[in-house]
Undergrad: 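Sharing a structure with you now.
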Amino acid sequence: MLDREFIVSNRELVEKSATAKKCKVNFEHLFKVINRRKELINSLNSLREEKNKNSSQVSKTRKDGGDISPLLEKGKEISNKIKEEEEELKRIEEEEFNLLKWIPNILDEEVPSGENSNFKIVKEFGKFEEKKLSYFEIIKSDEGIDFKRGAKISGSHFPLYLGKAAYLERVLVNFMLDLHIVKHNYKEIFPPFLVNYDSLFSTGQLPKLEEDMYRLKDDDLFLIPTAEVPVTNIFRDEILNENELPKKFVAYSACFRREAGSYGKDTKGLKRLHQFNKVELVRFTKPEESKKAHLEMLEEAQRVLVLLGLSYRVILLPDFDTSFSSSKTYDIEVWAEGSKEFLEVSSVSNFLDFQARRGKIRYKSREGKNLFIHKKKFIFSPNFCFFNYRMCKKKF
RNA sequence: GGAGAGGUGGCCGAGUGGUCGAAGGCGGCGGAUUGCUAAUCCGUUGUAGUGGUAAUACCGCUACCCCGGGUUCAAAUCCCGGCCUCUCCGCCA
């Protein structure tokens, strides 16, 4: 979420970003609501002042043996007026919140505009060879992934890993965790896989992506689409000390996505799964360290691929592909030799203070001011490493 | 699932209708004292909104004692609903 005052004073930038991300926002109406809210708050403040004064007058007058009945009358009047205005303020604030929550994060100035170009290739690493065998054939054995039985047990897009495939998945997860814990100094987190509405709201999945989420209706909980959600919410509604920052977390979790509306797209094999494993990194930093931290994470993410001996490229996503909450996103795409294509294994995003504001994640600066934390994350999906011929061959 | 207890400031803990943003203690900060450390003494110490204003300085006002409603001129305090925590019993892993 963006700050009310920020939107007012940076209207052009905010509108431009919203348009690029194809989010429709009625800014005219929003500004009217913002102004009315201010009016009401000012009016209520003075009414309450009057109320408080009148009330203490009652006890004084009574002590002195005076007649309090006119004061009681007056108090009642003021209270009624307050009630009226409070009701309007509540409506206005709800309306304002409903408008604000649909405004996407602002885009970094470096993000390419989708009108002329698509993504921008930032880096290419390794050789992009082609092999005849597709990943799909390699993993279809009794030491591979059994999609049929996975579908029987749960439904399509729930893969069942057998033998060496299960082993490979597990060691990849461990490898990524260990690398970031030991070499990059992240703290390991093992989070809950079910979360509540507020947690998903603060990371921005809700309300926009509600139909993509698995929901447990009886308990009003959601299966996490990524470990980003519980990890980001560790400090929701908290105020940290400046010297506690930066916070660096790495978490493995299974991820659950309904992938509603994506039927027909990438329906085969390991793409677009309903359940998959992922190692997620999250950093909370001060605003002034935000950009640097983001680039550091981009390096850390690439290290995984370099150590695994995989070829990849790094791209900077264009505006229309940058997610609702993100300001700037790099994707790392591994080269899949069998299917001869680039596949997204990692996504490194800078959210600035967008999620922090939604979740009220703050820190106290030395000057005593509470500031919203900047957050960035990157993800790494081990299952996509299966796509690479060399990796599969090595392990099978 | 059944029964009970409880949620107050950074922490502990008092407070059952007005003078309570809230006693007291601890911690933090500033200072005094001090061979060092410790101890002692004095002062200070929440957050947000809004107005005065150029101000993250200062002053005023408002809100906040888990959350949301209600009663009342007046609510931390009374009433209703919710959430959370703890203890005991049962059940399952």
Side-chain angles (χ1 to χ4, degrees), chain A residues 1-9 30-98 100 190-202 206 215-222 230 233-245 247 254 286-288 353 356-374:
Chain A
M1 212 147 71
L2 297 172
D3 178 52
R4 179 190 295 122
E5 295 305 317
F6 179 86
I7 295 171
V8 171
S9 47
L30 175 67
F31 288 121
K32 265 184 210 155
V33 169
I34 287 174
N35 287 335
R36 180 63 186 149
R37 176 181 168 274
K38 205 162 207 174
E39 274 173 29
L40 283 169
I41 284 176
N42 282 335
S43 161
L44 270 170
N45 273 352
S46 36
L47 278 173
R48 284 176 180 146
E49 185 179 356
E50 222 181 307
K51 179 189 94 167
N52 291 343
K53 279 184 179 153
N54 186 65
S55 285
S56 48
Q57 202 60 41
V58 171
S59 65
K60 252 184 235 153
T61 309
R62 200 178 45 189
K63 218 173 256 172
D64 300 342
D67 180 16
I68 56 168
S69 57
L71 291 171
L72 297 189
E73 263 314 301
K74 191 181 168 200
K76 198 153 203 157
E77 248 169 63
I78 300 169
S79 280
N80 285 338
K81 185 95 179 82
I82 287 175
K83 209 171 224 173
E84 269 172 42
E85 295 207 353
E86 273 177 345
E87 272 163 23
E88 190 187 346
L89 180 64
K90 205 176 156 186
R91 277 201 309 277
I92 285 285
E93 285 192 324
E94 244 168 60
E95 203 170 341
E96 185 198 68
F97 180 72
N98 281 328
L100 287 178
F190 188 68
F193 289 6
L194 296 175
V195 296
N196 56 30
Y197 187 97
D198 289 347
S199 293
L200 282 159
F201 179 81
S202 72
L206 293 177
R215 179 175 206 161
L216 301 167
K217 287 211 171 68
D218 289 343
D219 300 284
D220 214 12
L221 291 168
F222 298 81
N233 278 278
I234 291 174
F235 301 119
R236 171 153 52 84
D237 292 321
E238 291 190 31
I239 299 171
L240 304 174
N241 285 320
E242 184 170 8
N243 58 20
E244 290 179 80
L245 294 172
K247 293 270 188 192
K286 293 188 262 182
E288 59 267 31
D353 55 1
R357 185 168 298 104
R358 280 167 97 92
K360 294 194 179 70
I361 307 165
R362 287 164 290 173
Y363 75 96
K364 206 186 185 78
S365 73
R366 244 171 239 121
E367 300 85 52
K369 193 84 183 151
N370 288 327
L371 300 166
F372 289 98
I373 286 170
H374 281 221

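In the text below, chain A, chain B and the rest are named by the order of the sequence lines, each starting its count at 1. This structure is a prediction, so every number in the text was calculated from the model and none was measured.
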Undergrad: Could you check which of G69(B), U62(B), G18(B) has an atom nearest any side-chain atom of E49(A)?
TA: U62(B)

Undergrad: Nearest heavy-atom pair of R236(A) and S199(A): which atoms, and what distance?
TA: NH2-OG, 2.9 Å

Undergrad: Quote, to the nearest angstrom, the P distance that separates G25(B) from U77(B).
TA: 26 Å

Undergrad: Side-chain contact test, heavy atoms from C-beta onward, threshold under 4.5 Å: evaluate it for R36(A) versus L40(A) and give yes or no.
TA: yes

Undergrad: Taking any heavy-atom pair under 4.0 Å as a contact, classify K90(A): base, sugar-phosphate, or nothing.
TA: sugar-phosphate

Undergrad: For V58(A) and for R37(A), locate the closest nucleotide of RNA chain B by heavy-atom distance; then report the residue assigned to the nucleotide nearer the 5' terminus.
TA: R37(A)

Undergrad: According to a strict under-4.0 Å criterion, is K83(A) in side-chain N/O contact with OP1 or OP2 of U71(B)?
TA: yes

Undergrad: Compute the ring centroids of F201(A) and F222(A), then answer whether they are less than 6.0 Å apart.
TA: no

Undergrad: If I compare all heavy atoms of L47(A) with all of I78(A), which pair ends up nearest, and what's the gap?
TA: O-CG2, 3.6 Å

Undergrad: Can you tell me which nucleotide in G18(B), G49(B), U19(B) comes closest to the side chain of I41(A)?
TA: G49(B)

Undergrad: Give a yes/no on whether any side-chain N or O of K53(A) is located under 4.0 angstrom from OP1 or OP2 of U62(B).
TA: no

Undergrad: Among G70(B), U62(B), U50(B), find the nucleotide with the atom closest to the side chain of N52(A).
TA: U62(B)

Undergrad: With respect to the phosphate group of C73(B), does any side-chain polar atom (N or O) of K76(A) fall under 4.0 Å of OP1 or OP2?
TA: yes

Undergrad: List the atom of R62(A), the atom of I68(A), and the distance in Å for their closest heavy-atom pair.
TA: N-CG2, 3.8 Å

Undergrad: Let me spell it out: for each of L44(A) and I68(A), pick the nucleotide of RNA chain B with the closest heavy atom. Which residue's pick is nearer the 5' end?
TA: L44(A)

Undergrad: Choose from G51(B), A63(B), A74(B) the nucleotide whose nearest atom is closest to any side-chain atom of R48(A).
TA: A63(B)

Undergrad: Which is true for S79(A) with a 4.0 Å heavy-atom rule: it touches a base, it touches only sugar-phosphate, or it touches nothing?
TA: sugar-phosphate

Undergrad: Can you tell me if N42(A) touches the phosphate of G51(B), counting only side-chain N or O atoms and a distance under 4.0 Å to OP1 or OP2?
TA: yes

Undergrad: Nearest-Å distance, OH (Y197(A)) to P (C83(B))?
TA: 18 Å

